[in-house]
Peer 1: 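Okay, handing you the structure first.
Hydrogens, waters and symmetry mates are skipped; everything else that's a heavy atom, side chains included, is used.
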Amino acid sequence: MRKALTKSTALGMASLLCALSLAGCGAAPAAKPADTAKPGEAAKPADGAKPAEGAKIAGDFEIQYFVGGYGDSWWKEVIGEFQKKYPDLKIKQSASSQINDQMKPRWIQGNPPDIVYIDGAGSNETQMVKDDQLMDISDWVKAAKNVDGDKLTDQLIAPPQDYNGKHYTVPLVFGSWGTFYDEALFKKNGWTVPTDWDSFLATSEKIKASGMNPYIHTGKYPYYIVGGLLNSGFVSENSDNPQILKDQEAAKEKAFKNDAVAKTLQKLADMRDKGYFDNASFGINHTDSQMLFLQRKDAMIPNGLWLENEMKKDVPADFKFGFMPSVMQKPGGKSIAIPYTSNIAIAKKAKNPEAAKAFVQFIFTKKAAIRWAEQTGAIMNVKADLEATSASGVVKTAMKYFNSSNTIVAPVFKLNADLEQAESDATIALLQKKITPDEWMDRMEKAAAKVRGSK
């Protein structure tokens, strides 16, 4: 689903839920234009708290959001409540599954909506920042408080994405990669749920002995196994330091060729050599691999928290999703959550920036996070206790991981497109025994050097 939404994939925990189950403008109020005002300057109170209250929240206000696997019920509900709080606003919702392509001409022409949820096919946050389309909210977001009076950034699981020291977006949806399994199947067969690499190998041996494939992956889209398995391994083998992922993102020298990467790749090669992978993995797409998992042809699968919601029409009645953010850690080691986010931003040329800020403050609350979990089967980027809610079991499990001191939530990162393709190609070649771990690292170092040279 994530691929269908944000890469047009996922295809990024604390408690990552592998089964988590993860679109008019008008007159603006008399405020300093967003593209010339210092972020958060207009009508901002001295202490930075609830800056939107210093200005009249009225006039036309347009929200653009993508409608995909998460649906639109949460958006309609929260926008309805926002309208009640600010009755002088005339709100326009620009939303559909094709909204990003439909709205693109307006963004190019300098006539964007006031606020945008960046997700789905045709969206690219990095490009929007590069094209100077989003408001720099660095100063504002540091001081802003939500409508409950809580400091906004303190409520977030993942912090705002850093662009050379500046912030233009706030993560709204928080998801995590990981390994999913069927709790009912594991219980029936007496299989121990892995908590580290040793127990993963032991359980995989028992699964294989039963005649079932321990693991299946999406060969056509290798970033599933990279996100769900390899990246957490890199962090674990790097003494639990996720900086290795940011170094890879920056294409730094030796970021792809070091002891941590070598040890992780060897673990992947060991899985391959022990026959843990379903041979059907190679060339198969994400939905087909997920169907084989649901049909219990395979015991475990790397995926994102959108999995349960994406496949809800095909889930057997007695199937119960289980989730592990990572399996490659040493005994006693911490779980590693590899996150992905979908963010919300205020347009630099927003006609009603104060309403946009007020909306951000309105939605980042525990109440909204609980409703998001209940309605979408995914996690909103707000720390909230979901135990007493109707959220799915996998979502609750994931949130437990995210809130646990025994889980390290890695920073959100994104490889250059060329680097990502090189990593996907090298990983499949390794799984097919066409190259060795050393050759994987050599390939990636050459790809990273090429990226550095093009900067």
Side-chain angles (χ1 to χ4, degrees), residues 10-14 16 18 158 175-179 194-198 200-201 215 217-218 221-272 300 302-304 324-341 401 406-416 418-431 435-449 451-452:
L11 257 189
M13 61 306 122
L16 299 177
C18 200
S176 171
W177 291 97
T179 290
T195 56
D196 51 49
W197 183 242
D198 289 354
F200 174 78
L201 293 177
Y215 217 83
H217 65 89
T218 302
Y221 304 120
Y223 51 80
Y224 275 79
I225 195 168
V226 172
L229 198 63
L230 282 185
N231 284 334
S232 58
F234 293 156
V235 175
S236 290
E237 291 294 349
N238 193 48
S239 301
D240 288 345
N241 187 350
Q243 181 61 39
I244 187 172
L245 301 180
K246 297 300 289 184
D247 289 347
Q248 291 181 351
E249 178 184 47
K252 290 186 177 180
E253 188 173 0
K254 298 298 183 181
F256 291 96
K257 188 172 184 177
N258 51 60
D259 287 343
V261 172
K263 290 177 180 178
T264 301
L265 294 176
Q266 188 56 55
K267 289 178 178 179
L268 187 67
D270 288 344
M271 289 176 65
R272 175 200 66 192
M300 294 175 281
N303 220 290
M324 301 172 284
S326 61
V327 297
M328 285 188 167
Q329 60 268 24
K330 297 179 177 66
K334 294 186 177 183
S335 294
I336 309 295
I338 303 298
Y340 56 82
T341 61
Y401 274 111
N406 288 318
T407 299
I408 294 173
V409 179
V412 175
F413 75 104
K414 178 68 176 176
L415 295 185
N416 166 283
D418 292 334
L419 262 182
E420 181 179 52
Q421 187 60 56
E423 186 174 46
S424 291
D425 293 343
T427 300
I428 288 300
L430 177 62
L431 288 168
I435 62 173
T436 65
D438 284 339
E439 290 171 326
W440 187 101
M441 293 188 290
D442 288 338
R443 278 195 186 190
M444 293 308 301
E445 280 297 302
K446 289 180 181 178
V451 170
R452 292 195 300 273

Peer 1: Determine yes or no for a side-chain-to-main-chain donor-acceptor pair under 3.5 angstrom, with K334 supplying the side chain and D240 the backbone.
Peer 2: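 Side chain of K334 to backbone of D240: no pair is present.
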
Peer 1: For K254 and N258, which heavy atoms make the closest approach, and how far apart are they?
Peer 2: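 Result for this residue pair: O-ND2, 2.9 Å.
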
Peer 1: What is the minimum heavy-atom distance between K263 and E237, and which atoms define it?
Peer 2: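 Residues K263 and E237, closest heavy atoms: CD-OE1, 3.4 Å.
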
Peer 1: Check L419 against A251 and note the closest heavy-atom contact, atom names and distance.
Peer 2: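 Taking L419 first and A251 second, the nearest heavy atoms are CD1-CB, 3.9 Å.
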
Peer 1: How long is the gap from CE on M441 to OG1 on T436, to the nearest 0.5 Å?
Peer 2: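 OG1 of T436 is found 7.5 Å from CE of M441.
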
Peer 1: Using only atom types and a distance under 3.5 Å, with no angle test, would you say the side chain of E445 pairs donor to acceptor with the backbone of D442?
Peer 2: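 Side chain of E445 to backbone of D442: no pair is present.
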
Peer 1: Of all the heavy-atom pairs spanning P437 and L265, show the shortest one and how long it is.
Peer 2: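 Smallest heavy-atom distance, with atoms named: O-CD1, 3.6 Å.
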
Peer 1: Got a second to check how far F200's CZ is from M300's CE, nearest 0.5 Å?
Peer 2: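 Rounded to the nearest 0.5 Å, the CZ-CE separation comes to 4.5 Å.
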
Peer 1: Classify the angle between the aromatic ring planes of F256 and W440 as parallel (below 30°), tilted (30 to 60°) or perpendicular (above 60°).
Peer 2: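 Judged by the thresholds at 30° and 60°, the geometry between F256 and W440 is tilted.
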
Peer 1: Can any side-chain N or O of Q248 pair as donor or acceptor with the backbone N or O of A255 at less than 3.5 Å?
Peer 2: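 Yes, because the side chain of Q248 sits within donor-acceptor range (under 3.5 Å) of the backbone of A255.
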
Peer 1: What heavy-atom pair brings P331 and D198 nearest, and what distance separates the two atoms?
Peer 2: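 Shortest heavy-atom separation between P331 and D198 comes out as CG-OD2, 3.3 Å.
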
Peer 1: May I have the step-by-step check of side-chain contact (heavy atoms from CB on, under 4.5 Å) for L229 and H217, ending in yes or no?
Peer 2: CA-CA 10 Å; L229 198 63; H217 65 89; over 6 Å; no

Peer 1: How long is the gap from CD1 on I336 to CG on N231, to the nearest 0.5 Å?
Peer 2: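 These two atoms lie 11.0 Å from each other.
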
Peer 1: Which class fits the ring pair Y223 and Y221: parallel under 30°, tilted 30 to 60°, perpendicular over 60°?
Peer 2: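 It falls in the tilted class, 30° to 60°.
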
Peer 1: Any sub-3.5 Å donor-acceptor pair from D425's side-chain atoms to A422's backbone N or O?
Peer 2: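 No; zero donor-acceptor contacts below 3.5 Å.
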
Peer 1: Under a 4.0 Å threshold between the charged nitrogen and the carboxylate oxygen, would E423 count as salt-bridged to R443?
Peer 2: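 The answer is no: the pair does not qualify as a salt bridge.
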
Peer 1: Please check if the side chain of Q329 supplies one atom and the backbone of T195 the other of a donor-acceptor pair under 3.5 Å.
Peer 2: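 Judged by distance alone, yes, a pair lies under 3.5 Å.
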
Peer 1: Any side-chain to backbone donor/acceptor pair from T264 onto G233? Under 3.5 Å, distance only.
Peer 2: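 Yes.
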
Peer 1: Out of L430, T427, I225, I338, which one pairs with L230 under the side-chain contact (heavy atoms from CB on, under 4.5 Å) rule?
Peer 2: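 Going through the options one by one, the only one that passes is T427.
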
Peer 1: Of the non-hydrogen atoms in A260 and I244, which two are nearest, and what is the gap between them?
Peer 2: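 Reported closest heavy-atom pair: CB-CD1, 4.0 Å.
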
Peer 1: Applying side-chain contact (heavy atoms from CB on, under 4.5 Å) to E420 and K414, what does each step give before you reach the verdict?
Peer 2: CA-CA 8 Å; E420 181 179 52; K414 178 68 176 176; 3.3 Å; yes

